[in-house]
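Just below is one structure, and these are the notes that go with it.
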Protein chains: 2
Amino acid sequence: MTGAPQHETSPEHPAPTDQIRRVRRFNRTVTERVGVLHDHYLGRSRPVGEARLLWEIGGRPQDVRRLRERLGLDSGYLSRLLRSLETDGLVVVEPKPRDRRVRTVRLTSAGRAERSVLDARSDELAGSLLQPLNSAQRARLVAAMAEVDRLLTAATVAVDVVDPDHPDARWCLESYFAELQEAFDTGFEPGRSLLPDAGELRPPKGLFLVARLYGDPVGCAGLKLPHGAAAEVKRMWVAPDARGLGLARRFLAELESEAARHGHDTLRLDTNKALASAIGLYRSAGFREVPAFNDEPYAHHWFEKRITLPAAAE
Amino acid sequence: MTGAPQHETSPEHPAPTDQIRRVRRFNRTVTERVGVLHDHYLGRSRPVGEARLLWEIGGRPQDVRRLRERLGLDSGYLSRLLRSLETDGLVVVEPKPRDRRVRTVRLTSAGRAERSVLDARSDELAGSLLQPLNSAQRARLVAAMAEVDRLLTAATVAVDVVDPDHPDARWCLESYFAELQEAFDTGFEPGRSLLPDAGELRPPKGLFLVARLYGDPVGCAGLKLPHGAAAEVKRMWVAPDARGLGLARRFLAELESEAARHGHDTLRLDTNKALASAIGLYRSAGFREVPAFNDEPYAHHWFEKRITLPAAAE
DNA sequence: GTCATTCTCTGACCTTAGTCAGAGAACCGA
DNA sequence: TCGGTTCTCTGACTAAGGTCAGAGAATGAC
């Protein structure tokens, strides 16, 4: 409260700088409270690095390389950490049968025990944040935390153009088809649908986006960019885990600006009546329902939106 | 989203464990995003420790001991950090004229320049958190962050029993009187009021609480515990900076349980009509207005509450 | 079968962060 | 003016966290 000097701002409604000021206040408070306590609690019995690692290995065996990526560690350093956990009898590191260059790590039962100690500490930390508050305050804090968590997670999702044959893309598409199969009362056979072949979603005839969270794919969206016709959104899907992050809206915005950048002035799409929330999304994103512009057997609704190059955003 | 194993819980409304689970999710997301980025941005040119220090010194000269307390550093360590900043020409350390044991630190102009670089980095970090979000999401994130910030700050406030002659207590009382002087249309002279002398707010005749945030006093509250009469709240005050943290309510709860612990079954207080929000607080905390029980010249309202030993709280 | 590549590990090295035990200067109260 | 206290500093030390340059095994492409 006494605290650091502040910018001088005074707008009525939160201007960008005002937002930034508040984010900074948040960062400060949170790193002080959560950060300090976090290290304090976690590090009581072993270095934070080891604790984090133990934690990240978790239930199932993990490839060393994956851990390295996930935690962003130097391979030498990680190796040493693993050695240390190994001599403490907490993990076992062994070559992976299919590719003996790669090694996998799994927790021993001692490791699992240690991990559950860390778990308890983490609970303790969480409790210590709530403890001084009365129950109304607790409820509000938890709700606000959930909102921050959700939105920061959303901000962490990276959307990239990838080839539709990339493993992450394929994984998304398979999940998407599986979901359609469930959702449509007619079922869904990819073969019967008017699906563009991969070539149509690859430059120069189109493009394909994959969203990833901490390296794991969590959604995809394709765009057809036919010569002399409207651009078309295809195969947009968001993993159930990643819903509520505004990702679909982000895909649409991205595709829209890509389409505009390629000289298209109309974006369209078709969809199935079973996908009610998608339909709501399209409407609220500015799409208008139009007569069928193709004879996709699985489609019940067709939408269209006039697009323009966005003004210098940000 | 893929993320760590979770507890198994399923209550309708957030049970304690459910709250704790959410707090943990929050901690995880936030330390990953904010923590990592924070160190990354801040530490680009110099160690985080030095950067934090540079930051904390800020505009005005600071006593070394104050910095030490504030940042919770070992005196040897702090000394070394200062030496390092000094050889870089960023700060000047000199004995304080009034007490030459104490030394004060201030930034040189180079130090101020360096600090504004850090400032810019911090803005950059804040920006990078907002950047991937659309404007509605940004607004919601910022609002939720402000809520988290406020409540975590509230949870950081420590309330302790101190002697009413302690400098922190005196500071609070002076601020309190100064504020009454402003607020009452009659002004306020402590001498004319029925103020208990300090002895009455000191065990065994009473007690005095001071709330501190990061070591700085931010509020106080006194309690009279007269033999054979109702316990009485006196001199409750919260610093303007610290309002909205639920601190007054916390004081009341604390005093109430202290009074009950000392065998009192009634808590009472008087207040001035100018203190409208305090009056609202008393009512909502379960106090009922009663006829005057004293002839305090500055009082317009008298309140009373029946109290009992709280059931095992938490 | 050869060669380039991928993956993990080891050794050598470095900075940061922090602790602890005094030393020495300045101050304060009696 | 003496003795205890307060405050800062120095030296000696430690652990954590991390980087870098290979070495060596396994693999895949040709």
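Keep in mind the model is a prediction, meaning the values are calculated, not measured. Numbers restart at 1 for each chain; the letters A, B, ... are given by sequence-line order, proteins then strands.
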Restricting to salt bridge (Lys or Arg N to Asp or Glu O under 4.0 Å), what partner residues turn up for B:R212, sequence neighbours left out? B:D160, B:D168
Would you give a per-nucleotide map of nucleotides 19-30 of chain C, 5' to 3', where B means the base has a protein non-hydrogen atom under 4.0 Å away, S means only the sugar-phosphate does, and - means neither? BB-----BS---
Could you pull out all residues at least two apart from A:E174 that satisfy salt bridge (Lys or Arg N to Asp or Glu O under 4.0 Å)? none
Any salt bridge (Lys or Arg N to Asp or Glu O under 4.0 Å) involving residues 84-97 of chain A? Give me the pairs, sequence neighbours left out, ordered by first then second residue. A:R46-A:D88, A:D63-A:K96, A:R83-A:E86, A:E94-A:R106
Expressed as a whole number of angstroms, how long is the span from A:R46:CZ to D:dA16:P? 10 Å
Whole-Å distance, B:L67 CG to D:dT8 C1', equals 13 Å
Considering just the side-chain nitrogens and oxygens of A:R103, establish if one lies under 4.0 Å of OP1 or OP2 belonging to C:dC9. yes
Starting at CG of A:L81 and ending at C1' of C:dT10, how long is that distance when rounded to a whole Å? 14 Å
Are any side-chain N or O atoms of A:S116 and backbone N or O atoms of A:D119, one a donor and one an acceptor, separated by less than 3.5 Å? no
Please list, chain by chain and in numerical order, all residues satisfying salt bridge (Lys or Arg N to Asp or Glu O under 4.0 Å) with A:R170, sequence neighbours excluded. A:D165
Roughly how many Å is it from CZ in A:R68 to C1' in D:dT19, rounded to a whole number? 14 Å
d(CG, A:L71; P, D:dG18) in whole Å: 10 Å
Find the distance B:L78:CG to C:dG18:C1' and express it as a whole number of Å. 12 Å
Donor-acceptor contacts, no H, no angles, side chain residues 73-81 of chain B, under 3.5 Å, sequence neighbours left out:
| from | atom 1 | to | atom 2 | distance (Å) |
| --- | --- | --- | --- | --- |
| B:D74 | OD2 | B:G76 | N | 2.8 |
| B:D74 | OD2 | B:Y77 | N | 3.0 |

Return the value, rounded to whole Å, for the distance between atom CD of A:E94 and atom C1' of C:dC7. 17 Å
What is the distance, rounded to the nearest whole Å, between atom CD of B:Q62 and atom P of D:dC7? 16 Å
